[in-house]
Number of protein chains: 2
Amino acid sequence: MSATGVTPAPTVGRPRAFDMEKALQKALEVFWRKGYEGASLPDLCEAMGINKPSLYAAFGNKEQLFLKTIELYENRPCAFFYPALERATSYEVVQHMLCGAASTNADPDNPPGCVIVQGALACSESATFVKEALIAKRRAGEVALCTRLEQAKAEGDLPAHAEPAALARYILAVLQGMAVQATSGANCVELKQVAETVIAAWPGKKPEL
Amino acid sequence: MSATGVTPAPTVGRPRAFDMEKALQKALEVFWRKGYEGASLPDLCEAMGINKPSLYAAFGNKEQLFLKTIELYENRPCAFFYPALERATSYEVVQHMLCGAASTNADPDNPPGCVIVQGALACSESATFVKEALIAKRRAGEVALCTRLEQAKAEGDLPAHAEPAALARYILAVLQGMAVQATSGANCVELKQVAETVIAAWPGKKPEL
DNA sequence: AGGAATACTTACCAATCGGTACATTATTGT
DNA sequence: ACAATAATGTACCGATTGGTAAGTATTCCT
């Protein structure tokens, strides 16, 4: 198993004629817009600018390609979530999460919504593995936020009666709902209003004005 | 065009050997669990206990069958939304919506989540019509709630600075997020905690204790 | 220059997709 | 009894699905 998780470029043989990262980015766009099952191999190949045997040689199969695009997604467009956890107060944490979600979910340069939500929400049995991988990603985010809110509670940043698990679930529900709203056509301003509504009622300490 | 929208039972010819409403109910379950595109005709036929020609004769095609199941869905399991609008105060309106969603989204007797959310969130071009029909359903709910909140504001039930459109969008986002949570395995108690978090911070007048 | 190794192109595969033609069976009206 | 009508079961349709075999082209190493 390589340390980077990426197959190292071989020193011999014909060199690859396309950029794997750019191809992944294009595949991500297709999966993002159409979901795992709705994206066909011709769709993917056309967007990636390669043909099927190249796709299979480089990425394994459709399922593995999808999982790799999700990895890319978490490191690039959706990169607001985990960094937000490092903010000083729970107020700022949720503020950055919700505002980041509003921006990326309704970014006109990307498909609307969130691929981790809409990539495989309801699907046939053949996509069960992918569906559960996305469930795990969503749950991981919830657990991470819950841990952060427990810390906030311990620090007195959240009141003693606060329930970090319930609050984390609530915030994740709002984030996921914002993704649905974005796929329905909501724009960034509209999503920021949702974010603002949540933030205004946040039980944690607010920053000085 | 018939008044009921249902083809009247013909007086001559071989009688239908299955109950259309029960078959629709079974089809709804399949679409609910697998989504519009993830549900294949064999899936549907098996669940409905009929075969393809009967399905097409009775319901038109897959798309029309889906739209009919959505109609059934709105009148049956998901029947908490519009009735909730008739409550006396905005507090009770959102309380009933959120608690109703918690119950039906995580009802162990039904598939998890909400078919109007997950039926066709991200899909191929061939499902565009269905996808937009669901978007329209979601938007209609949002508009109806917004109208109800405008009334609440006019009645002094909501403060003068309240923005009904933003609040309605927020509540719908939470409802849709709860559906996503349910498909991820959240149970009724967990969803009720989300509902309670929202209700506790609702800006409208709270009922007497 | 000549392997060895890798990627690309074309053409194909079985399985499944949504949808239907056709013959058969069951019912009503006369 | 007999036509008219409608639902059923079987068997099929072309198109598309994810995936691959095989031949060709391009590179590195000796």
Side-chain angles (χ1 to χ4, degrees), chain A residues 2 6-24 27 30-31 34-69 119-120 123-131, chain B residues 2 6-24 27 30-31 34-69 119-120 123-131:
Chain A
S2 81
V6 177
T7 307
T11 64
V12 299
R14 179 172 174 172
R16 191 167 276 126
F18 62 94
D19 182 311
M20 284 188 69
E21 179 117 352
K22 281 184 179 150
L24 263 186
V30 176
F31 282 131
K34 302 191 175 184
Y36 174 66
E37 289 193 307
S40 71
L41 286 178
D43 286 339
L44 293 163
C45 288
E46 193 186 5
M48 298 166 85
I50 63 180
N51 39 35
K52 284 190 279 183
S54 295
L55 191 159
Y56 276 80
F59 301 105
N61 61 11
K62 189 185 177 185
E63 181 177 300
Q64 290 169 40
L65 172 63
F66 180 80
L67 297 177
K68 279 172 185 142
T69 65
C123 50
S124 71
E125 292 95 345
S126 67
T128 303
F129 183 80
V130 162
K131 174 181 162 185
Chain B
S2 83
V6 177
T7 308
T11 64
V12 298
R14 180 172 176 173
R16 190 167 277 127
F18 63 95
D19 182 310
M20 284 188 69
E21 180 117 350
K22 281 186 178 148
L24 263 187
V30 176
F31 281 131
K34 302 191 174 184
Y36 173 66
E37 288 192 307
S40 71
L41 286 178
D43 286 338
L44 292 163
C45 288
E46 193 186 5
M48 299 168 84
I50 63 181
N51 40 34
K52 284 190 278 184
S54 295
L55 191 158
Y56 277 80
F59 301 105
N61 61 12
K62 189 185 177 184
E63 182 177 300
Q64 290 169 40
L65 172 64
F66 181 80
L67 296 176
K68 278 171 185 141
T69 65
C123 50
S124 71
E125 293 94 344
S126 68
T128 302
F129 183 80
V130 162
K131 175 181 161 185

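Small disclaimer: the values here were computed from a predicted structure and weren't measured. Just so it is clear: chains get the letters A, B, ... in the order the sequence lines come, proteins before strands, and each one is counted from 1. In what follows, every heavy atom counts, from backbone to side chain, and hydrogens, waters and symmetry copies are set aside.
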Smallest heavy-atom separation, A:F18 atom then A:A58 atom, equals CZ-CB, 3.9 Å
Correct closest heavy-atom pair for A:G38 and B:S124 would be O-CB, 3.4 Å
Using side-chain hydrogen bond (donor to acceptor under 3.5 Å, both in side chains) as the criterion, list what pairs up with [X], not counting sequence neighbours.
| X | answer |
| --- | --- |
| A:D19 | none |
| B:S54 | B:N51 |
| B:E21 | B:R76 |

Across all chains, not counting sequence neighbours, the side-chain contact (heavy atoms from CB on, under 4.5 Å) partners of B:K131 are B:A120, B:C123, B:I135
Atom CZ of A:F66 and atom P of D:dG18 are separated, to the nearest Å, by 13 Å
Taken to the nearest whole Å, CG/B:L41 to C1'/D:dT16 is 14 Å
Taken in chain and number order and not counting sequence neighbours, the residues that satisfy salt bridge (Lys or Arg N to Asp or Glu O under 4.0 Å) with A:K34 are A:D43, B:E125
First and last nt of DNA chain C near chain B, cut-off under 4.0 Å to heavy atoms, 5' to 3', are C:dC17 to C:dG29
CZ (A:F31) and CG (A:L67) are apart, to the nearest 0.5 Å, by 9.0 Å
The ring-ring contact (aromatic ring centres under 6.0 Å, His included) partners of B:F59 (sequence neighbours excluded) come to none
Check: protein-nucleotides 27-30 of chain D nitrogen or oxygen pairs below 3.5 Å:
{"residue": "D:dC28", "atom": "O3'", "partner": "A:T11", "partner atom": "O", "Å": "3.3"}

Q: Would you classify B:A17 as touching base, sugar-phosphate or nothing, given that sugar-phosphate means primed atoms plus P, OP1 and OP2, and contacts are heavy atoms under 4.0 Å?
A: sugar-phosphate
query = If only atom types and distance count, is the side chain of B:E37 paired as donor or acceptor with the main-chain N or O of A:E37 below 3.5 Å?
reply = no
Per the under-4.0 Å heavy-atom filter, residues of residues 43-55 of chain A near DNA chain D come out as A:K52, A:P53
